[in-house]
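Here's the structure we're looking at; comments come further down.
Numbered from 1 within each chain, the chains take letters A, B, ... in sequence-line order. It should be emphasised that the depicted structure is a prediction, and the values quoted were computed from it without experimental measurement. Heavy-atom basis, side chains included; hydrogens, waters and symmetry copies ignored.
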Amino acid sequence: QKEVEQDPGPLSVPEGAIVSLNCTYSNSAFQYFMWYRQYSRKGPELLMYTYSSGNKEDGRFTAQVDKSSKYISLFIRDSQPSDSATYLCAMSSNTGNQFYFGTGTSLTVIP
Amino acid sequence: SQTIHQWPATLVQPVGSPLSLECTVEGTSNPNLYWYRQAAGRGLQLLFYSVGIGQISSEVPQNLSASRPQDRQFILSSKKLLLSDSGFYLCAWSGGLYRFFGPGTRLTVL
């Protein structure tokens with residue numbers, strides 16, 4: 001079983017839609033949860049990060065962690081064509097010794 | 001602020017040729033450094049990481065090697081490239097828990 005599972009998509013939505021991206025995990029040691037955005041032929045950039053359970057909002061983006069279900073989500077409101085990218089989730093233990101990425105979900109927002 | 005550089009940006013090499021990819025970080029001291037490979041349509045595979053000068057840990061056995069001759073310099077090498085070495089090579093650094101990536105090098109082995 002993989003440490004982190006992420007649906008690769010691809011996901012295609014119309015402009016203005018709400019997008020939900022998700023990851024599941026099996027390791028209870030994970031305490032830090034991250035989302036990276038990777039544009040085509042570029043390096044991933046850290047988009048959002050959260051510690052333990054709860055929600056974190058940054059503009060149109062909301063990161064949500066449910067540790068009881070071992071499930072994390074990234075919501076994008078009012079999606080824009082510029083949001084078209086691959087989104088990777090990542091998780092880490094407190095010490096950083098266990099750090100894993102999901103395989104990424106490809107998102108296309110159609111104008 | 002911290003900046004991470006990688007070069008070259010793209011590289012086309014014949015099978016059996018040597019390889020040297022370089023990564024440098026600015027604006028931080030004693031970072032942890034990482035080399036990842038991302039094959040087409042696949043996730044990030046951690047190849048090597050380093051916690052200090054001359055300290056290299058390998059995550060997967062292969063014909064690649066890494067070196068860290070200076071605090072903020074990380075080099076990925078191979079003596080003889082294989083077709084299977086093609087991919088997108090990413091260098092990353094961390095000063096704590098979060099990892100920050102460079103722009104990547106796209107390697108095509110023909």
Starting from the C-alpha separation in whole Å, work towards a yes-or-no answer on side-chain hydrogen bond (donor to acceptor under 3.5 Å, both in side chains) for Lys56(A) and Gln64(A). CA-CA 7 Å; Lys56(A) 183 175 181 179; Gln64(A) 192 173 80; over 6 Å; no
Test side-chain hydrogen bond (donor to acceptor under 3.5 Å, both in side chains) on Asn27(A) and Gln98(A) and set out the steps. CA-CA 9 Å; Asn27(A) 191 338; Gln98(A) 299 181 70; 2.6 Å; yes
Starting from the C-alpha separation in whole Å, work towards a yes-or-no answer on side-chain hydrogen bond (donor to acceptor under 3.5 Å, both in side chains) for Asp7(A) and Thr105(A). CA-CA 6 Å; Asp7(A) 186 339; Thr105(A) 300; 5.7 Å; no
In sequence, state the C-alpha distance, the side-chain angles, and the governing distance for Gln73(B) and Asp71(B), and then conclude on side-chain hydrogen bond (donor to acceptor under 3.5 Å, both in side chains). CA-CA 6 Å; Gln73(B) 184 184 29; Asp71(B) 181 44; over 6 Å; no
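Looking at Thr95(A), only its backbone comes within 4.5 Å of chain B, counting heavy atoms on both sides. Contact of Leu97(B) with chain A is made through backbone and side chain together, with heavy-atom distances under 4.5 Å. Of the two parts of Gln38(A), only the side chain, counted from C-beta on, holds a non-hydrogen atom closer than 4.5 Å to a non-hydrogen atom of chain B. Ser93(A) touches chain B through its backbone: at least one of N, CA, C or O sits under 4.5 Å from a heavy atom, while the side chain does not. Contacts of Tyr49(B) with chain A are absent, with no heavy-atom separation under 4.5 Å from either backbone or side chain. In this structure, chain B has no heavy atom under 4.5 Å from any part of Tyr100(A). Only the side chain of Gln38(B) comes within less than 4.5 Å of a heavy atom of chain A; its backbone N, CA, C and O stay farther away.
Between chain B and the residues Ser106(A), Gly43(A), Ala90(A), the most heavy-atom pairs under 4.5 angstrom are made by Gly43(A). Among Pro8(A), Gly96(A), Gly102(A), Pro44(A), the residue with the largest count of heavy-atom pairs under 4.5 Å with chain B is Pro44(A).
Using modelled atom types, one finds a donor on one side chain and an acceptor on the other under 3.5 Å when comparing Thr62(A) with Arg77(A).
Remark: Arg37(B) does not engage Glu59(B) in a salt bridge, criterion side-chain N to carboxylate O under 4.0 Å.
Between Tyr36(B) and Phe88(B), the ring center distance fails the sub-6.0 Å criterion.
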